[in-house]
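Residues take their numbers from the sequence shown, with the count starting at 1.
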Amino acid sequence: MSDGGAIRPIGADPAVLRVGNASGFYGDRFDALREMLTGGPLDVLTGDYLAELTMLILGRDRLKDPTRGYARTFLRQLEDGLGLAAERGVRIVANAGGLNPAGLADAVRELADKAGVPVRVAHVEGDDLLARGGWGEGVLTANAYLGGAGIAACLRAGADVVVTGRVTDAALVSGAAQAHFGWRPQDLDQLAGAVAAGHVLECGTQATGGNYSFFDLSDAPDLLRPGFPLAEIAADGSAVITKHPGTGGAVTTGTVTAQLLYETAGARYAGPDVTARLDTVRLTEEAPDRVRIDGVRGEAPPPTLKTGLTRLGGWRNEVTFVLTGLDVPAKAALVRRQMEAALDAAEHRPAEVRWTLARTDRDDAAVQEEASALLRLVVRDPDQDAVGRVVRGAAVELALASYPGFHVTAPPGKGTPYGVFEAVAVDAAEVPHCAVLPDGTRIHAQPAPATRELVRLPDPPLPEPLPAGTTRRGPLGLVAGARSGDKGGSANVGVWARTDRAWRWLAHELTVDRFRQLLPETAGLPVDRHVLPNLRALNFVVDGLLGEGVAAQARFDPQAKAVGEWLRSRHMDIPEVLW
């Protein structure tokens, strides 16, 4: 396999770059890479394999074997897909390198040699800051979120496959667009447009109807196997989001809006290369499965890079008691008193003990499961014994000595380790962002020439409210969609209206106070509301809802995936003109 040679163009058409996605997370549909390569024309195929929890998993893998630390599934996908990509002239860009992009690049070269596929492989490194120290006790991984400059350098040097460590998810797309169009760091509007397109693509089928509020309507037909999305990016940074012909799902302004709101906060969406102004995004449905994104304005990025730290936080255990039939509160109180007494009597009571009663039962149920409520006990402690033997013994010993109908969903085990995620800011100039080209040449990407401190934008004026009229009580989801997600210990809940009239009502009615009333779990937490009129959307950020992040498993829905649907199920007085 040769790594030398002249620089080749990124795509066949200099005016348009067709970028697809084949993975939204480590564990996504295995066949997606082949489907995207064979389903229609592409110039670049990207794959996002990293998340906060994934970094912790890869960190534990690296502890066991220093040669690991990357997403091994990606290699298995390339066993079939590398030859297809080479035949079709499709470049592959993926962050599957995780904590060891150089190791993955070597593994791809070895795979290519065995398969007889002549491809040029490059990688991006410099995000791994663990060795610099100073992170505190027990930190397992420390990775800065890099931008697209290193990816662009690799592609310009003729790389057929580029693997990276921790880059921003959108950088997989924006880096390819930088390479194709030759954008400079000061081309902020173009970069911002590509970042917006990259954010839509990064979670795969969430852009084509997956996890979509109105999945049961014509908005997202044929969800048996939704297709993965692609973007046709133009030189001015505008893009059309679409998918290969004949694939399932749908691309609509609704599905694109939902993904634009996912895991974002205010109008300023900051990244290493550019801060994209989400309040300037315009969406136009040009044709079935074709939604144009344009008008995106860009600003200079912040002077610091987000850096994710993961550490093992301790040990956790849980047991879920099933309470069936009558007297559910009294049954819950009895078993709780019994378990608390056993924990108090232990040599080492767990440092944290949490109880949650989910009233999933209903009266006069014809199915036993529908007559049952769930009482969940979660304990945490730095010592495994404090959450293992104590909890397991106490719960098992109650089998014949507690409430009538006693049983649990599963016997408690010895306890499992849990992780903690923390985000800190690091000066971008101190991060050695490096592109390692196919011939081994190392090019250091320079930080942005100009930066701008990230400041919250004031909310824009609200639309004219609807005239007063009769209302009916009903779920918010009748008139609004939602998508929610996690960022460390915070959750975001994006809510959008489907019509202008619904937006005029939503913008005035769904205040922070009303949000807290509808979702009582947020009542004591900081909640910030951001207004995005172009998307007819409100974005709520709830700090602390997820404790120390997804790896800590602090709540029933640890990634806040369904908080938006919980909000949509809550009842409000909705104007009859919106029904």
Item to check | Asn100 (side chain) donor-acceptor with Gly69 (main chain) under 3.5 angstrom | outcome: no

Next on the checklist: Could you check whether Arg166 pairs with Asp169 (Lys NZ or Arg NE/NH1/NH2 to Asp/Glu carboxylate O, under 4.0 Å)?
Outcome noted: yes

Checklist entry - Checking Asn95 side chain against Val167 main chain: does a donor-acceptor pair fall under 3.5 Å? => result no

Checklist outcome for this item: Taken in chain and number order and not counting sequence neighbours, the residues that satisfy ring-ring contact (aromatic ring centres under 6.0 Å, His included) with Phe540 are Phe515

Checklist entry - Taking side chain as C-beta onward, heavy atoms only, is Leu457 less than 4.5 Å from Arg268? => result yes

Next on the checklist: Are the side chains of Gln259 and Val256 in contact, using a 4.5 Å heavy-atom criterion?
Outcome noted: no

Checklist entry - Tyr212 vs Trp496 aromatic rings, parallel, tilted or perpendicular, using cut-offs 30° and 60°? => result parallel

Item to check | Side-chain donor-acceptor pair present, Asn492, Asn539, cut-off under 3.5 Å | outcome: yes

Next on the checklist: Between Asp128 and Arg62, does any side-chain N to carboxylate O distance fall below 4.0 Å?
Outcome noted: yes

Next on the checklist: Determine whether a donor-acceptor pair (N or O, by modelled atom type, separation under 3.5 Å) exists between the side chain of Thr205 and the backbone of Thr208.
Outcome noted: no

Checklist entry - So Trp183 and Phe181, would you call those rings parallel, tilted or perpendicular, with 30° and 60° as cut-offs? => result parallel

Checklist entry - Hey, is Asp61 close enough to Arg68 for a salt bridge, meaning N to O under 4.0 Å? => result no

Checklist entry - Does Thr38 reach the main-chain N or O of Arg34 with its side chain, forming a donor-acceptor pair under 3.5 Å? => result yes

Checklist entry - For Asp279 and Asn534, does a side-chain donor sit closer than 3.5 Å to a side-chain acceptor? => result no

Next on the checklist: As a test of understanding, state which of Asp160, Thr46, Val161 forms a side chain to side chain contact (heavy atoms under 4.5 Å, CB included) with Arg91.
Outcome noted: Asp160

Item to check | Where Arg290 and Thr242 come nearest, the two heavy atoms and their spacing | outcome: CG-OG1, 3.9 Å

Checklist entry - Charged N to carboxylate O below 4.0 Å: is that the case for Glu79 and Arg76? => result no

Checklist entry - Does Glu125 pair with Arg442 as a salt bridge, N-O distance under 4.0 Å? => result yes

